[in-house]
Amino acid sequence: MHIKTDNMICIKKGENKMDYKKDDCSKTISFGRITGSSTDVETVIFDYDRYELGNSKRCFPSVKKLIINENVEWIKVPNSMFPNVRTIISKSTQFRSGNVLIHESFWSRPTLLNVFGVEPDETIDLVGVQVIDSLALRGCKTIHFINTESVRFIEANSVRLSIFEDSEIERMILEKRYHEGVIMAGTILLAVNPDADEIEVPRNTTYIFPTVDFTKNKRVIIHDFRLVQTFKFEFQTLVIFDDDKSGNFSRDEMYDIIAKNIEVLPGSKLYCTVDGILYSKDMHTLIRCPLLKTGHVDIPDGVSEIGKYAFRLGRINSVSLPDSLVKIERMAFFNSKISDISFGKGIKKIGEGYSFSLCTNLTRLIFPPQAEEIGDSAFSDCTNLSEVVFNSRLVLISRRAFSGCDRLEKVVIPESVQKIEKSALNKVQHIVFQGNPASHVAIAFIREKPATEYMPDTASYTIRIDLPDSKTAYMPRYVKFDDIYTISHIIKNPIAIADILTLYTYASSAACRQEAAILTYSAYKDKTMDESGLIEKQKLYTYCKRSAKSYVESILDQNKDKNIVQVLNAGLLSNKALKDLMDVVDENSILRPYILEAMQKTKRSQSKKFNV
């Protein structure tokens, strides 16, 4: 126990409690709650490493001075515990000396913890302070702050004014004592007048308190756009100020403008607006559409570029692009509500990286006649996209262009396409080539991983490819990487039936190999072919006959009844396997008639053999 005399208290932690002593009179402080009292002590010494007393209701009105010893690392107390402290002497490198309690260390940002007994006419110096703790300003009597430019965060909790509880700031807000529509603490904006039609955020503002509500104001003028980004403030109309300040809006940063409209002040050298949308001054670039804008957008003719993030997260449902458009930048419509796109007659490259990615309202796309290229990941993860109509001049479908489009089951590739890059169509199950397949075509659909690691049970393990000469190939979706280019070469060149009958052998998983083999056999079992084809068909039949039962058992619960019907129609199951299957399928299953028919065919076949 550390004891001080001359009206001093030493706060120190024992084994299970925290004690303080005034001369020979001992009082007890339990962890988080003071149970004793003192009426004339003037100095408190903190002598333990951490103090967590933020919920304490005790009060020591006589204390004027706090001494923090060198081993103390953290102090959490309310202002009300020491309402008249005017002096803090710190021997610890983690606290400042002065009239307020400021914590700073090499691993955390300088934080204002308490203002204690600062008087109404006194000024609080926050030089270098970056964080204001949630207890720091409760009961604060002054509104005078200086050197607030470094503040970047105020720890406000869910109760809007609780951080200002019983403070002069709270009284100003509740009594609406606004100056030019705002309440400021130094360069920190604390509140705005909800009854004002227009608010201009002061030019010297460096931080906006997160609970400031701009939604009641019709127009808000902001000088430094970065101020509204941290806490995603919402506006009716946001006016972007155009001057030489470094906080001008940057078209290359992922800013979200949560507003219905954007305006710029007259005389802007950089920007202009049309229908509440921000454009470059020369109207060549659409910079940003506000997130709360809805309905249809007609982009004016003359615009040649839609900038990065322009409609990102936006709520518009349709857009018409002008014939003058040349470029759609990366993430321009990323994760937006867009459902209908009219591409116009000018643009040749549709999208850059993720331009329309995660647009889950898109269900159908018709590409314009002049389009030549679809950019990297342009429509990736558009999970409800089910139909794509490619144009006859399309040359390149870039990597991951339609990756993750779960409902895009079939596409028709025009003869003009020369290249389809890696994973461009990795969820497609049926591809129709109107011309010779593009180079390295297999890489667009095939993966290296086993099916169980990548796809849900209901997904297809194979890709059906319809070729121009009326041939159909069933490619395994999962193969070894070294075989991808081999398969591409087989598909791209004039393909013999014998080669088609061997594609299943490249599969890297059993389920994938079985499905590709059985679908291939079903398609070619009755077709005429040359001797090499007949040899491969016999090998294929032998494999299918051996694996059909295990394949059917593996897909019974995967909603692949169509595949099971193909196995039944191909006569690949023995009579015993058919009886076993009949025993496990539901009485109302659509498979039962097919199983019965297969059993009858097997019986007739055996009867013929017996008669012979």
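Predicted model only: the values in this text are computed from it and were never measured. Index from 1, following the sequence.
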### Message
Keeping Ser355 on the side-chain end and Glu329 on the backbone end, is there a donor-acceptor pair under 3.5 Å?
### Response
yes
### Query
Is it true that the NZ or CZ of Lys293 lies under 6.0 Å from the centre of Phe311's six-membered ring and within 45 degrees of the ring axis?
no
#### Entry: salt bridge (charged side-chain N to carboxylate O under 4.0 Å, His left out) between Asp376 and Arg330, worked out
CA-CA 9 Å; Asp376 288 1; Arg330 67 186 310 272; over 6 Å; no
### Task
Using modelled atom types only, decide if a donor and an acceptor are shared between the side chain of Ser416 and the backbone of Val395 within a distance under 3.5 Å.
no
### Message
I want to check something: taking the side chain as every heavy atom from C-beta on, are Ile555 and Asn563 in contact at a cut-off of under 4.5 Å?
### Response
yes
### Query
Under 3.5 Å, side chain of Ser167 to main-chain N/O of Cys140, donor-acceptor pair present?
no
### Heavy-atom side-chain proximity of Leu126 to Ile146 below 4.5 angstrom
no
### Query
Step by step, would you call Ile222 with Leu227 a side-chain contact (heavy atoms from CB on, under 4.5 Å)?
CA-CA 8 Å; Ile222 187 81; Leu227 294 173; 4.2 Å; yes
### Query
Got a sec: does the CD of Glu175 have more than 12 other heavy atoms crowding it under 6.0 Å?
yes
### Query
Do Thr472 and Asp466 get their side chains close enough for a donor-acceptor pair, meaning under 3.5 Å?
yes
### Query
Less than 4.5 Å apart, any side-chain heavy atom of Val182 and any of Pro202?
yes
### Task
Would you tell me whether Ser318 and His296 have side-chain atoms, one donor and one acceptor, within less than 3.5 Å of each other?
yes
### Query
In this structure, are over 12 heavy atoms from other groups packed under 6.0 Å from Lys76 atom NZ?
yes
### Task
Flag the pair Leu270 / Lys281 as yes when at least one side-chain heavy-atom distance between them is below 4.5 Å, and no otherwise.
no
### Parallel, tilted or perpendicular: rings of Phe214 and Phe233 (30°, 60°)
perpendicular
### Query
Angle class for the Phe379/Phe367 ring planes (parallel below 30°, perpendicular above 60°, tilted otherwise)?
perpendicular
### Heavy-atom donor-acceptor pair, Asp256 side chain to Ile258 backbone, under 3.5 Å
no
### Query
In terms of heavy-atom contacts, does CD of Glu387 have more than 12 from other residues, nucleotides or ligands at under 6.0 Å?
yes
### Query
Does the Glu421 side chain pair with the main chain of Ser398, one donor and one acceptor, at a distance under 3.5 Å?
no
### Message
Can a donor-acceptor pair be found, under 3.5 Å and without considering hydrogens, that links the side chain of Thr148 to the backbone of Thr187?
### Response
yes
### CZ (Arg393) with more than 12 external heavy atoms under 6.0 Å
no
### Task
Could you tell me whether the side chain of Thr142 and the main chain of His144 form a donor-acceptor pair under 3.5 Å?
yes
### Query
Are the side chain of Glu305 and the backbone of Thr285 linked by a donor-acceptor contact shorter than 3.5 Å?
no
### Message
Going by the rule salt bridge (charged side-chain N to carboxylate O under 4.0 Å, His left out), which residues pair with Lys176 if we only count those two or more places apart in sequence or in a different chain?
### Response
Asp195
### Message
What I'd like to find out is whether the side chain of Val239 reaches to under 4.5 Å of the side chain of Val264, using heavy atoms alone.
### Response
no
### Query
Does Val151 reach the side chain of Gln130, with side-chain heavy atoms less than 4.5 Å apart?
no
### Message
The criterion is salt bridge (charged side-chain N to carboxylate O under 4.0 Å, His left out); which residues satisfy it with Glu168, sequence neighbours excluded?
### Response
Arg171, Arg177
### Side-chain heavy atoms of Leu396 within contact of Ile374, under 4.5 Å
no
### Query
For the residue pair Tyr354 and Phe334, does the interplanar ring angle fall in the parallel (under 30°), tilted (30 to 60°) or perpendicular (over 60°) class?
perpendicular
### Query
Any luck finding a side-chain donor-acceptor pair between Ser357 and Ser380 under 3.5 Å?
yes
### Query
Looking at side-chain heavy atoms only, is the closest gap between Val297 and Ile277 below 4.5 Å?
yes
### Query
Does Glu515 reach the main-chain N or O of Ala511 with its side chain, forming a donor-acceptor pair under 3.5 Å?
no
### Query
Has Lys348 got more than 12 heavy atoms of other residues, nucleotides or ligands less than 6.0 Å from its NZ?
no
### Message
Once rounded to the nearest 0.5 Å, what's the spacing between atom CZ of Phe333 and atom CG of Leu313?
### Response
13.0 Å
### Message
Checking the side chain of Asn391 only, and the main-chain atoms of Pro368 only, is there a donor and an acceptor separated by less than 3.5 Å?
### Response
yes
### Message
Going by the rule salt bridge (charged side-chain N to carboxylate O under 4.0 Å, His left out), which residues pair with Asp586 if we only count those two or more places apart in sequence or in a different chain?
### Response
none
### Query
Is the CG atom of Asp298 crowded by more than 12 outside heavy atoms at less than 6.0 Å?
yes
